[in-house]
Amino acid sequence: MKRIGSRSHLALVLAAVAFVGLSACRAGVDTTSVGGVAEARELSEADVLAAAKTYVPTGRMDEYLMFSSGGHSGQVLVIGIPSMRLLKVIGVFTPEPWQGYGYGAEEHKELMASGEMSGHEITWGDTHHPALSETDGDYDGQFLFINDKANPRIAVIDLRDMETKQIVTDPLMGSNHGGAFVTPNTEYVIEASQYAAPLDGSYASLDEYKDKYRGAVTLFKFDRERGRIDLDQSFSIELPPYWQDLSDAGKGPSAGWMFLNSFNTEMATGGIESGNPPFEAGVSQNDMDYLAIINWEQAADVAAQPGKTVTIQGRRVIPMATAVSEGLLYFVPEPKSPHGIDVTPDGTKMVVSGKLDPHATVYSWEKIQAAIANSQFSGEDEYGVPILDFDAVIEGQLELGLGPLHTQYAPDGMAFTSLFLESAVAKWNYETLELLEKQEVHYNVGHIATAEGDTKSPDGGYLVSLNKWAIDRFHPVGPLHPQNFQLVDISGPEMALLYDSPIGIGEPHYAQIIKADKLNVWTTYPEVGWDPHTMAKAESAPLAGDERIERRGNEVHVFMTAIRSHFTPEHITVNRGDEVVLHITNIELAQDATHGFAIDKHNVNLSLEPGETQTVRFVADRAGVFPFYCTEFCSALHLEMAGYLLVK
Amino acid sequence: MTDITEFFRGDISRASRVALLVVALALIPCLFLPVWNIGLNAPQYPQGLELKIYSHELAGDLQEINILNHYIGMAEIEPDEFREFIFIPFFILRFLGFAVLAALVGRMPIAAIGYIDFSVFGAVMMFDFQTWLTRFGQGLASGAPLTIDPFTPKFLGVTSIGQFEVTSYPAAGGMIMLLAGALGPIILIYELVRRRRAAS
């Protein structure tokens, strides 16, 4: 088949399509030509053009990588753009057997244990918002953070091996939503609560909602050197019991500040069964909710001063009153039921879209600063937080359509906002406040992602619409429909829908798209005996020639290596009741020479990637013969890569 | 006859001395550059595999090649087994020494002895290399997972083994040495012609 490579080729193809279209009734279908195939498959000119824009020929690679939340799969998806090919499902909050994540390795058990909530094992997460690490307001391709809304947690993924390295919990929150997002140099990974609850985790009646329930925002200090969140350096700020939503960090002139939406400023407590207005109505009464404006840089200074924080559940918290008196926290009214708060690439404007208001509201950072400096307040809320005068700080409002949710950027002042109710994406100019165009999407778009669209230098080119409903877009696979990721070409003067990509794993919320060449991904581990958890060579890792079995009292330590196509040793004989500790190193150096290690009937499956070492510890509580084998088809003698665990 | 003896006793021209100096300098990188390459190509190795033979060591995808070889019962390629690596660099230094000396002193006997030494060494080393190849290819252990007929990999050229195409050819260092070797006869002829002209 001819490849549609150059412009002239494309013109030829299109001419061929037109020609075939005209002569269709007299000629037989020629499936050896692009035009013939287009006719046979009933592809329009636009379809062929879209195919040429998205098709990545065999052996070639995508221009961008998209890191998407995996929704309630608890995982992160890695997808190539423009092909929309799924490259990896990174195990984050949920065990993932292919990567051996949560299936026996001690290193993963520790990681999963760190994500326990009040001693309860949690094996899923509702991942919402991935955040790529940034340097000077631009993606640096080093780390990815993602939140779990259901069980307030943040995970740290190292992009060198695209594996989860850390899970930290936020015991203060009942649930979280306002993150993850990072400050311009990834000093902090920030997360805000959603549904208010008592911060100390205690019981309080809903009648005490205003007094006992609270929101919070947590600034997790990121230690880039160690690739870990440092909880000792992290702190939270107490907020009123509104329901916080999305958030973003300032950059450029607004660096050092952050912006956080809230809804339910009514402080409705629901109770439809008792004749109260249900939450959906109760939280939507006010025409205006509050956008929180927080000076995080100064908050970090305040948190470091003695006596300025209280300790709740082992975490440092700046009380609301202190946040107000120190000038860390301000509110400004925003149209009801807000979702996105998105700082423009140059950091001079903040765009808010409220689901129940058809406008994009554009705030001016200059005016916000002036209003703060001049104490230009229209009042304060019930908790004493000063409220800036709405009219004094807005740049303007632009009617976009119904249900605006979330905004992303492209060069030259271009902004794209999802319209949930209209199932469309609006393209507009945030400098001139002009609505330029709308593109239908299918259906019920939530977040959108443009290439590097929340950085100081967005790329434009591609937009992905993360649609909640697919309805009739894919072959039915039962009542549970896939989500629909739609790729939109935003490089030209008019948007063009290119491709529908079904996501059959969860309901992803947000995604970020990074230029592939910014990543520096390892294809094998740097040294044989590498422990991906510590990101260093493990002292205890067995290497070639070290293989042995050592009995230490009741413990049997097996130092094992794996290489095509055998484990050494192949026989492990223990007594019932012994504690078996397997230290296994894949001593391969070749790219893709991954070995699995599964022990039958023991719920153990490891993924030992070239150079990787892992440890498995279990009590041999059943006598019997248990084959173990390599679960990766590593070589022609893969089936033969096996051994026996013999429990006497 | 006396002509020849006379010739070999004689001095060398300035041009030839410069050429010998160039040979000496060119031999220096041979201590650091790979001398010979064995490349393996197969569908699942899009980048190919490479065994780089230096004057003092083996490098490249040694582990991967050993893994592949073990399937057919080929002995493991152990760099420590090759005693050649101990003395080859000294031989190169010796030729370098001869070339420098011949260039400085400008005497034909030194150049001639150096060249003969170099040629004999080159021939012996090529023979040695082929002997190793034969030993590895013919000495396949019984009981290996895959049974194939013993074979003799080509010392120069392409050998097909299973899905692999094995290509053996001189690398940068080897090319320099071959060129240096070719320069010997050129200098010799040049000197002969020059003498004839001077005599007539």
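This one's a predicted model, so the numbers in the text were calculated from it and none came from an experiment. Just so it is clear: chains get the letters A, B, ... in the order the sequence lines come, proteins before strands, and each one is counted from 1.
Pairing each heavy atom of Q63(B) with each of I563(A), the nearest pair is NE2-CD1, 3.7 Å.
By the neighbour-count criterion of 12 heavy atoms within 6.0 Å, atom OH of Y644(A) is sparsely surrounded, having that number or fewer from other residues, nucleotides or ligands. The 12-atom threshold is not exceeded at CD of E539(A), counting heavy atoms of other residues, nucleotides or ligands nearer than 6.0 Å. For F85(B), the CZ atom is densely surrounded, since the number of other residues' heavy atoms within 6.0 Å is greater than 12. The number of heavy-atom neighbours closer than 6.0 Å to CD of Q47(B), taken from other residues, nucleotides and ligands shown, is 12 or below.
Here the straight-line distance linking atom CD of Q44(B) with atom CG of D592(A) works out to 11.0 Å at 0.5 Å rounding. Considering CZ of R564(A) and CG of N66(B), their distance stands at 11.5 Å, rounded to 0.5 Å. With rounding to the nearest 0.5 Å, the separation of CD1 in I67(B) from CG in L589(A) is 7.0 Å.
The greatest number of non-hydrogen atom pairs below 4.5 Å with chain B, out of A593(A), A636(A), S565(A), S635(A), is found for S565(A).
Only the side chain of L637(A) has a heavy atom closer than 4.5 Å to any heavy atom of chain B. In this structure, the portions of E588(A) lying under 4.5 Å from any heavy atom of chain B include both its backbone and its side chain.
Side-chain contact between Q591(A) and E64(B): absent, with no pair of heavy atoms (C-beta onward) separated by less than 4.5 Å.
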